[in-house]
Amino acid sequence: MAPVPAKAMAALNAMKAIGIPMQTAKPVLKNLLKAYDNNWEHIEAENYRVLADAILDMQESESKDMGSMGKNDAASNEPEPLKKRTRNRKEANDPGPAVISSDAAAEPSLKRPKLEADAPSEAYPETRRDELANSMIHKGKIVETSLPEARSELVYTKNNRGKTVESELPEIEHRKDQAVYSRNHKGKTVTETSSQPTSFVEAPEKLSTPPLSKKQWTTETLIPQIYDSHRRTGQASSLMNSRVTRSQIRGLEVCSGPDQTGNFSSVPIMPKDEPRDDDIPLCETPIAVIPPPRPISSHDVGEASHQHSSKSPILQKIVDRDGTHDEQSEKDKENLLDNTCNKGSPSKILSVQGSSSVNVNAGSSDLGEVKLSFWYNSDRPDFHVPNLEDVYKLVEDKCLRSFKILQPSFSIKSLMNEMCQCFLELGSETTDNDQENFVQINSLLDSLKKPVTPTVCMPASSDCFLGPTLSGGFQDRSGPSHCHNDAENNQNGTSKKRKKPGFSQSAKDTSQGLVMVQQPQYQLAEFKPLHDVDDISKGEERVRIPVVNEITTDKYPPSFNYIPRNIVYQSAYLNFSLARIGDEDCCADCFNDCLAAPIPCSCARETAGDFAYTTQGVVKREFLDECISMYREPEKHHKFYCPDCPLERSKNEISPEPCKGHLVRKFIKECWSKCGCSMHCGNRLVQRGITRNLQVFRTSEEKGWGLRTLDELPRGAFVCEYVGEVLTNMELYDRTMQTTGNAKHTYPVLLDADWGAEGTLKDEEALCLDATFYGNVARFINHRSLGELLMLEIVFFAHVFPFHLYYPTSYSIRNIYMAEQKVGCCDANLIEIPVEIETPDHHYYHLAFFTTRKVEPLEELTWDYGIDFDDDHHPIKAFKCRCGSRLCRDIKHRSKLCSKAIVMADSSRLFYPSPAPDTGMWPALTAVGLTLATLMWSRKSCDPMTTTMGSWKCRDPVGSRKCRSLAKLRGDPWTRSRASAR
Ligand SMILES: C[S@@+](CC[C@H](N)C(=O)[O-])C[C@H]1O[C@@H](n2cnc3c(N)ncnc32)[C@H](O)[C@@H]1O
């Protein structure tokens with residue numbers, strides 16, 4: 001404990017630091033010590049708030065005395081803040097922030113003497129400066145201690161015992177001020193007005209509400225108004241409102257005495273009573289809202305305040321871009337913004353105090369210059385100045401990890417750039433749009449400050465997490481604490497309300513706006529290479545996965561973070577507790593390879609007592625056939641119908657259509673860590689990760705990038721898992737609206753295999769994978785239909801397929817279809833099969849891709865996204881399909897040539913209904929039809945990388961003439977060797 005004189009010195013110094021001369025503070029301190037019986041705890045609380053308040057009170061009463069001595073003095077050119085405060089309330093019956101509009105500013109009684117915009121500091125006499133400085137100290141909140149040259153244009157913020165108070169704008173106010181004032185104005189309406197909720201730009205007649213007495217300032221009376229305010233402003237602003245409101249509630253709790261439980265806040269009661277109708281003294285200088293101290297958040301920049309942290313010593317070092325630093329005087333630092341902004345005409349400075357040791361300031365000039373400054377003090381004696389680039393990198397890394405920044409292209413510099421852009425936008429907008437703009441800032445920045453919610457319950461001993469050797473495992477990037485907090489999660493989930501279209505649109509607009517105002521990709525490219533063309537996985541997989549592009553000049557695909565295993569985004573609940581795995585769900589007694597055991601173990605239970613994999617490491621034929629048949633003939637398979645389908649809800653929340661049914665999917669169950677077998681067990685395929693040689697390549701059909709195999713793949717081979725962030729449907733919905741609503745390519749997959757069995761699933765519970773920002777190679781697999789238009793196909797083959805010429809006419813349609821199967825043409829060559837690994841329930845599972853047939857080297861790997869191309873509201877954005885398949889479900893965009901061929905084939909059927917009669921005319925007519933069809937088909941480009949448009953035309957990509965030449969052109973070693981070998 002420091003001796004008392006030292007404490008007194010500290011108190012006086014603190015006052016001095018905020019512009020109160022020692023001689024003024026000293027007598028008040030003495031009185032306070034007496035009043036508090038030398039209890040320094042109260043006096044020191046909140047950085048001598050009581051002392052500062054007491055000084056202000058003293059000044060108030062002095063002013064009042066002066067006011068009563070001669071009211072006319074009030075009209076003098078040297079305004080007396082305290083008197084004016086009184087008059088503003090009493091004469092204008094100002095209920096609060098509603099006066100902070102241009103109308104209000106024009107009110108004669110509210111006017112302050114006009115200050116010239118460019119008035120140099122010398123224009124302010126010393127006394128005036130003192131007054132201003134003093135007026136900015138109210139109830140212990142220090143608003144501003146120095147007077148920059150453009151003092152009159154500064155926007156100040158202060159907190160008057162939980163009430164937000166604002167004064168009129170000076171006549172020289174600029175539209176930028178209006179934006180700020182409108183918002184704060186609203187804050188004040190929320191806080192103070194009970195009978196007349198006012199809108200921000202209301203006319204002065206609305207100002208007749210008498211001020212509330214202090215007794216009325218309770219949270220009980222205020223909270224309903226807060227909701228009122230939410231309603232008034234609409235959902236688009238709900239996020240912002242709730243923040244402003246919360247802080248204000250806190251402020252009220254602090255300042256309005258005991259709360260509902262009778263507890264007082266940390267602020268001691270003022271030793272003396274204050275007049276009920278005059279406890280919102282207004283400053284002469286324009287003031288806005290100081291929210292009570294709270295953690296700094298970027299969105300706060302929208303709230304106007306200007307104050308120095310009363311607790312924090314001013315930062316001693318100012319770091320420039322190169323990491324050098326300067327000792328600067330306090331004044332220099334305070335002038336930092338002003339210097340920047342004084343280049344233009346009137347400048348503005350807005351500032352936010354996020355916590356006791358953080359200050360955020362934003363300054364602007366009318367020339368559109370904006371400067372942001374952050375002051376932070378952590379009291380570290382061993383501090384040294386780091387390189388600023390390193391700081392950027394670290395912060396970006398932290399943001400990506402902790403705050404789950406959505407875009408991997410995120411950078412601190414771009415964030416600051418965005419802040420400046422928003423600042424300018426707000427400053428340039430008319431007041432009508434202020435509200436909207438404010439929401440934009442918040443919805444943008446809110447994504448940066450989402451709290452990290454640990455979401456997965458992983459035993460600390462990590463014995464259920466096999467670590468990086470398993471690609472089927474789980475990866476959490478939310479930090480060391482992995483344990484899911486149910487309560488918190490629920491709270492997160494249920495507290496989130498699905499945003500109505502209005503908000504979503506706004507949010508969407510926001511992201512669009514952001515894209516327009518900056519070039520994050522270029523910025524990112526400046527700092528770090530996007531991908532390694534030799535291995536897009538950057539060593540995360542067991543095999544290297546190169547990237548090639550012979551089509552465009554892009555060296556590699558747009559940026560994303562490569563992850564070999566799923567990671568949880570925020571709220572998704574995945575319970576991987578080993579305790580949940582019962583004996584029946586594992587094979588604790590097994591040893592080495594379960595597939596080698598004479599009797600299948602309990603891990604084959606899911607697949608009807610027989611393992612899904614063969615000992616050669618592929619999916620068994622029967623199992624695969626059944627999975628494929630689900631796609632080809634869905635009507636033949638069982639479906640379940642959700643009572644309240646999350647998919648339909650996502651399309652239309654208000655009146656969702658009944659569930660269209662989900663196929664009861666066949667699951668593969670792999671052995672897991674509670675099983676006795678080893679990692680070499682044949683029933684652990686997916687969890688071992690990618691083993692095939694794959695390549696990311698640029699497709700030639702405007703599908704963007706794609707994935708292909710470099711090796712020949714047998715039927716049923718595991719290729720890769722679809723890896724991404726595990727999101728709840730709610731999160732996906734929000735994300736799609738806010739971030740990727742306008743994205744060219746989308747990467748979400750619903751984990752809906754068990755939706756029906758789980759009863760009514762809330763959007764906060766239903767899961768999906770999103771590989772937009774974090775994903776593996778599977779995110780490059782393009783769509784191709786997996787045979788729905790079966791009959792049409794059969795008809796086609798029945799009439800034009802060359803095989804028909806060789807087969808007897810009695811050859812059944814079914815056989816023709818089988819013939820088509822035999823040559824292996826047309827459909828997607830991958831199918832996704834749900835795989836159970838860590839958890840016996842199927843709420844969360846892995847989505848693994850297996851080949852539906854033998855796949856040739858260099859053939860593009862495709863899978864059927866299951867999109868309903870006619871359903872514009874499907875969560876997976878319907879694109880213009882260019883799969884080229886004759887079976888493509890995107891009928892609108894299906895190749896015209898294909899369609900013509902089909903129509904032609906169909907029309908030939910008019911003459912010879914299928915199966916075609918064996919007449920003499922048949923071969924001739926078929927030959928004509930076939931020639932025409934072939935002509936049309938051959939005009940369609942044959943992609944050497946795929947067997948697009950049928951392997952009968954180009955079955956072996958390297959074998960065909962066109963393919964060979966392209967392969968040469970491409971010149972990659974593998975193709976070269978293949979081509980020369982021929
Ligand atoms: C999972 S990504 C596939 C990778 C993507 N091509 C890329 O460049 O990143 C899905 C997106 O690829 C595009 N895409 C996939 N299949 C397509 C197809 N058959 N025709 C046209 N675009 C396709 C669509 O834009 C879709 O949103």
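We number each residue from 1, following the sequence as shown. All values below were derived from every heavy atom in this structure, side-chain atoms included, with hydrogens, water molecules and symmetry-related copies excluded. In each ligand, atom 1 is the first atom listed, and ligand 1 is the first ligand listed.
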Asker: Between Asn829 and Glu860, is there a donor-acceptor pair closer than 3.5 Å when you use the side chain of the first and the backbone of the second?
Answerer: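 Yes.
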Asker: Looking at residues at least two apart in the chain, or sitting in another chain, which of them share a ring pair (Phe, Tyr, Trp, His ring centres under 6.0 Å) with His662?
Answerer: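 Here the qualifying residues are Phe640, Trp755.
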Asker: Which one holds for Trp705 and ligand 1: side chain close, backbone close, both close, or neither close, with close meaning a heavy atom under 4.0 Å?
Answerer: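 Near ligand 1, Trp705 shows its backbone as well as its side chain.
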Asker: Under 4.0 Å, counting heavy atoms only: does Lys880 come that close to any atom of ligand 1?
Answerer: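 Judged by the 4.0 Å heavy-atom criterion, Lys880 does count as contacting ligand 1.
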Asker: Does Tyr722 reach ligand 1 with a nitrogen or oxygen that is under 3.5 Å from one of the ligand's nitrogen or oxygen atoms?
Answerer: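 N/O-N/O distance under 3.5 Å: no.
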Asker: Decide whether an N or O pair under 3.5 Å exists between Glu702 and ligand 1.
Answerer: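 No, since none of the N or O atoms of Glu702 sits under 3.5 Å from an N or O of ligand 1.
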Asker: Would you call Arg544 and Glu541 a salt bridge, using N to O less than 4.0 angstrom?
Answerer: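 Answer for the salt bridge query: no.
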Asker: Would you check whether Gly706 reaches within less than 4.0 Å of ligand 1, judged by its heavy atoms?
Answerer: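 So Gly706 does not count as touching ligand 1.
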Asker: Please check: side-chain N/O of Asn776 versus main-chain N/O of Val723, any donor-acceptor pairing under 3.5 Å?
Answerer: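 Present.
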Asker: What atoms of ligand 1 come closer than 4.0 angstrom to any heavy atom of Tyr747?
Answerer: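 Close to Tyr747: 1 (C), 2 (S), 7 (C), 9 (O).
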Asker: May I ask you to check if Arg779 and Tyr722 form a cation-pi contact, with NZ or CZ under 6.0 angstrom from the six-membered ring centre and within 45° of the axis?
Answerer: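 Verdict for Tyr722: no cation-pi partner in Arg779.
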Asker: Report, in ascending order of atom number, the atoms of ligand 1 lying under 4.0 Å from any heavy atom of Asn782.
Answerer: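 The list of qualifying atoms is 3 (C), 4 (C), 5 (C), 6 (N), 12 (O), 13 (C), 14 (N), 15 (C), 16 (N).
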Asker: Applying side chain to side chain contact (heavy atoms under 4.5 Å, CB included), name anything that partners Ala848, two or more places apart in sequence or on another chain.
Answerer: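 Applying side chain to side chain contact (heavy atoms under 4.5 Å, CB included) to Ala848 gives Val686, Phe718, Val835, Phe850.
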Asker: Would you please determine whether Ile781 falls within less than 4.0 Å of ligand 1 on a heavy-atom basis?
Answerer: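 True for this residue.
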Asker: So is Arg779 touching ligand 1 or not, going by heavy atoms under 4.0 Å?
Answerer: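 Heavy atoms of Arg779 do come under 4.0 Å of ligand 1.
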Asker: Tell me whether Glu540 is salt-bridged to Lys538, with the criterion being a basic N under 4.0 Å from an acidic carboxylate O.
Answerer: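 Salt bridge: no.
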Asker: Among Arg784, Glu701, His745, Glu860, which residue places a heavy atom closest to atom 11 (C) of ligand 1?
Answerer: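 Answer by nearest heavy atom: His745.
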